[in-house]
Amino acid sequence: MQIKIFYHHTDCGGVVYYAKYLEFLEEARTEFLGEKGISVKELSDKGVLFVVARQEIDYKCPAVYGDTLSINACLAEVGKVKLIFTNEIKNQKGQLICAAKTVMVCVSRELRPQAIPEEILNKLSA
């Protein structure tokens with residue numbers, strides 16, 4: 001996935017505000033799941049939610065206003081209740097901006113852990 005950095009992504013120095021990367025990672029995960037035929041909206045409507053249980057980000061180089069970032073999402077691990085994603089964000093020059101790891105947990109509407117539905121596991125392994 002690619003994203004162009006606009007002024008509203010940056011702080012007063014023209015550098016991407018650190019918390020914006022969380023949004024970029026969320027968008028990349030949603031796109032990844034969509035490419036696998038998994039709709040986050042449809043899952044939510046069925047009472048199957050994925051929440052972030054842990055987030056790690058290593059910032060390597062600042063992204064700035066006008067950059068175009070490439071954000072990948074890789075599914076590193078699938079468990080009965082959790083998914084672990086890894087990401088790299090690079091700029092248009094191929095420089096590593098940051099690397100991330102996100103642990104997602106499947107929960108019910110009541111926010112109680114639940115097993116990932118078999119149909120989702122099948123789509124993820126395809």
Hits for salt bridge (Lys or Arg N to Asp or Glu O under 4.0 Å) against K20, two or more places apart or cross-chain, chain-then-number order -> E23
If you look at every heavy atom in Q55 and K101, which pair is closest and at what distance?
NE2-O, 3.2 Å
One should read off an interatomic distance between T68 OG1 and Q2 CD, to the nearest 0.5 angstrom, of 6.5 Å
Identify, with sequence neighbours excluded, every residue that meets side-chain hydrogen bond (donor to acceptor under 3.5 Å, both in side chains) alongside T30.
E26
V64 and V16: same hydrophobic cluster, using ILVMFWY side-chain contacts below 4.5 Å?
no
If only atom types and distance count, is the side chain of N87 paired as donor or acceptor with the main-chain N or O of L25 below 3.5 Å?
no
Pairing of R54 and E56 as salt bridge, 4.0 angstrom limit:
yes
Partners meeting ring pair (Phe, Tyr, Trp, His ring centres under 6.0 Å) with Y59 (sequence neighbours left out):
Y21
Report yes or no: do V81 and L121 belong to one cluster of Ile/Leu/Val/Met/Phe/Trp/Tyr joined by side chain heavy-atom distances under 4.5 Å?
no
Verify same cluster id: V15, L96 (apolar side-chain graph, 4.5 Å)
no
All heavy atoms of C98 vs all of I57, minimum pair found to be CB-CG2, 4.0 Å
With the side chain counted from C-beta on, respond yes when I38 and L124 share a heavy-atom pair under 4.5 Å apart, and no when they do not.
yes
Taking ring pair (Phe, Tyr, Trp, His ring centres under 6.0 Å) as the test, write out the residues that go with F32, two or more places apart.
F85
Student check: side-chain heavy atoms of I84 and L75 closer than 4.5 Å:
no
Quick one: are V51 and M104 in side-chain contact, heavy atoms under 4.5 Å?
no
Between F24 and H9, ring centroids under 6.0 Å:
yes
Interatomic distance, I89 atom CD1 to L69 atom CG [nearest 0.5 angstrom]
6.5 Å
Pair I97-K60, side-chain contact (heavy atoms from CB on, under 4.5 Å): steps then yes or no
CA-CA 5 Å; I97 301 299; K60 302 294 188 180; over 6 Å; no
Compare every heavy atom of A53 with every heavy atom of V105, then report the nearest pair and how far apart it is.
CG2-CB, 3.5 Å
How about H8 and T10: do any of their side-chain heavy atoms sit closer than 4.5 Å?
no
Roughly how far apart are Q92 CD and S70 OG, rounded to 0.5 Å?
9.0 Å
Looking at side-chain heavy atoms only, is the closest gap between K36 and L33 below 4.5 Å?
no
How long is the gap from CG on D67 to SG on C61, to the nearest 0.5 Å?
8.5 Å
Salt bridge (Lys or Arg N to Asp or Glu O under 4.0 Å) partners of D58, counting only residues at least two apart:
none
Rounded to the nearest 0.5 Å, how far apart are OH of Y65 and CD1 of I5?
11.0 Å
If the threshold is 4.0 Å, N to carboxylate O, is there a salt bridge linking K90 and E88?
yes
Where S44 and L49 come nearest, the two heavy atoms and their spacing:
OG-CD2, 3.5 Å
Does E110 have any salt bridge (Lys or Arg N to Asp or Glu O under 4.0 Å) partners at least two apart in sequence or in another chain, and if so, which?
none
Mind checking the CG-NZ spacing from D45 to K41? Nearest 0.5 Å is all I need.
3.5 Å
Between C106 and A115, what is the shortest heavy-atom contact and its length?
SG-O, 3.9 Å
Q114 and V48: side-chain contact (heavy atoms from CB on, under 4.5 Å), yes or no, with the steps?
CA-CA 8 Å; Q114 67 177 354; V48 178; 3.8 Å; yes
Does the side-chain contact (heavy atoms from CB on, under 4.5 Å) test come out yes or no for V103 and V52, once each step is laid out?
CA-CA 6 Å; V103 178; V52 174; over 6 Å; no
